[in-house]
Protein chains: 2
Amino acid sequence: MSGSRGWETDKRASFYSLDRWLRHARRYRGFHEPSVELHLNLIYTYGVVASHFARRLSAKRLSLSAGNVLMILRESENKGRPLHEIGELLLVSRANITALVDSLERRGLLERVGQEGDRRVRIARITKAGEALLESILPGHYAEIRRIYTVMSSKEKILLSRLLTKLRNNVQRSIESDRERGENT
Amino acid sequence: MSGSRGWETDKRASFYSLDRWLRHARRYRGFHEPSVELHLNLIYTYGVVASHFARRLSAKRLSLSAGNVLMILRESENKGRPLHEIGELLLVSRANITALVDSLERRGLLERVGQEGDRRVRIARITKAGEALLESILPGHYAEIRRIYTVMSSKEKILLSRLLTKLRNNVQRSIESDRERGENT
DNA sequence: TATTGTTATACTCTATAACTATA
DNA sequence: TATAGTTATAGAGTATAACAATA
């Protein structure tokens, strides 16, 4: 980004290495070094991975979210998906999924059709053009995923998946109890 | 988000469980199930964790990036940091760090000062108000980090940190070789 | 010539509220 | 009353390009 060359990888690595933080952070009762280090690593690694794939997708003029919409719709095949379901799957609000679907529909990558039986609902369905676009992306996409994760064994991948899932479920539980507490106050 | 109640956790969990993808995905030569599953878990888990902390910070009218700027500046104490360095650490371009620092300066949380010796450079330095704001946030922040990661042992945390670091380094290497290839074409 | 910071622009994403049409 | 979708709006993030001041 920003067109600068020497990517300052060393500077960032030492920044995120946590040593620098300890002087201030140790003052806090709750501070727990392995947890904070893992937290920073999760955030930092996600950023690098996500921007790598976002850059690859941008060559096809797709954002990560837009790519995910097409993936969901291809998986649903010609049945399509109601817009609110797409939003739920991607953690995007109903209001915002409208704009996302709009932009993909304008490009002819999906179409909206009505649902018989409930006239409130609109179904988004992938078009031939949308499928063709995915076909041009996915071979390289899956190959790149495979490539970047070669730094771990399959056993490590499975363990890591399991730990991330446990973490996620724990956070979701606490989000829900936050909300309940918020609603009763 | 979107004010809906029953967060559809089950629907999303089964969506990200990968089973649904296999029918299409197996067609691709590069497809490697444990890698793709881990990739989805990384993205999905980051989303849940990041939005949890973003919501907590928003109570103090700070974005994640804005909070990170203050953390960097507190760590630098009264020496402060040149704007371009902050941008490098946070993966934000020089153009965009200007707006971020602007908004924090308007609120009196940091100040810009000149650097003697190089009059191009401007240093951002945290103010007393900025430090006070951090002090009001960090005890709860560190406690919450500790809390959400209780689902793993310290040994697992260290292993996970190590694997994420290896992954990140690998992606950064490939970003750099992409760039070199791009520049020579 | 290169670097630092700024301004400007455009697009995406997120969050909220209010509206409609249906159920 | 609740749900599905839309419209509108505002703030934040990201990506580029062009520019002034300085090195």
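Values reported hereafter were calculated over all heavy atoms of this structure, with side chains retained and with hydrogens, waters and symmetry mates removed. Numbers restart at 1 for each chain; the letters A, B, ... are given by sequence-line order, proteins then strands.
- Set against D:dG5, C:dT4, D:dT6, the side chain of A:His84 has D:dG5 as its closest nucleotide.
- Side chain of A:Arg112, nearest nucleotide from D:dT6, D:dT16, C:dG5: D:dT6.
- With C:dT16, C:dT6, D:dG5 as the candidates, the nucleotide lying closest to the side chain of A:Asn96 is C:dT16.
- Residue contacts for A:Ser103: at a heavy-atom cut-off of 4.0 Å it reaches no nucleic acid atom on any strand shown.
- Within 4.0 Å (heavy atoms only), A:Ala99 reaches no atom of the nucleic acid at all.
- Map B:Val121 and A:Gly117 each onto its nearest nucleotide of DNA chain C; the residue landing nearer the 5' end is B:Val121.
- The aromatic ring centres of A:Tyr149 and B:His39 sit less than 6.0 Å apart.
- As judged by a 4.0 angstrom heavy-atom cut-off over every strand, B:Ser58 is placed among residues making no nucleic acid contact.
- When the C1' atom of C:dG5 is taken as reference, atom CD of B:Glu85 falls 14 Å away, rounded to whole Å.
- Rounded to a whole Å, the CG atom of B:Leu91 is 9 Å from the P atom of D:dA15.
- One can place CZ of A:Arg106 at 10 Å from P of C:dC11, the figure rounded to the nearest angstrom.
- Between the P atom of D:dT14 and the CG atom of A:Leu64 lies a distance of 12 Å, rounded to the nearest Å.
- Backbone-only engagement by B:Asp118 is indicated by non-hydrogen atom pairs under 4.0 Å involving sugar-phosphate atoms exclusively.
- For the residue pair A:Ser76/A:Arg81, the side-chain donor-acceptor check at 3.5 Å is satisfied.
- For D:dA4, the base has no donor-acceptor partner in the side chain of A:Arg122 [N/O atoms by modelled type, under 3.5 angstrom].
- Under 4.0 Å is where a charged nitrogen must lie from a carboxylate oxygen, and between B:Glu135 and B:Arg74 at least one such pair does.
- Residue A:Leu90 contributes atom CG, which lies 14 Å from atom C1' of C:dT14 at whole-angstrom precision.
- When rounded to the nearest whole Å, the span between CG of B:Leu83 and C1' of C:dT3 equals 13 Å.
- A close approach under 4.0 Å does occur between a side-chain nitrogen or oxygen of B:Arg119 and OP1 or OP2 of D:dT22.
- In this structure, B:Arg168 satisfies the cation-pi test against A:Tyr44, with its NZ or CZ atom closer than 6.0 Å to the six-membered ring centre and inside 45 degrees of the ring normal.
- The interatomic distance linking B:Asn68 (CG) with D:dA12 (C1') rounds to 14 Å, in whole Å.
- Using a 4.0 Å heavy-atom criterion, one finds that A:Arg61 contacts no nucleic acid atom at all.
- Going from atom CZ of A:Arg122 over to atom CG of A:Leu83 covers 8.0 Å, rounded to the nearest 0.5 Å.
- Among the protein residues, B:Ser63 comes within range of the sugar-phosphate backbone only, with heavy atoms under 4.0 Å from sugar or phosphate atoms but none that close to a base.
- Atom CG in B:Asp102 sits about 7 Å away from atom P in C:dT6, given to the nearest Å.
- Distances shown here put every side-chain N or O of B:Arg120 at or beyond 4.0 Å from the OP1 or OP2 atom of C:dG5.
- A:Leu100 comes within 4.0 angstrom of the backbone, heavy atoms only, and of no base.
- Place A:Ala54 and A:Ile97 on DNA chain D by their nearest nucleotides, and A:Ile97 ends up nearer the 5' end.
- The closest donor-acceptor contact from the side chain of A:Ser63 to the backbone of A:Ala66 lies under 3.5 Å.
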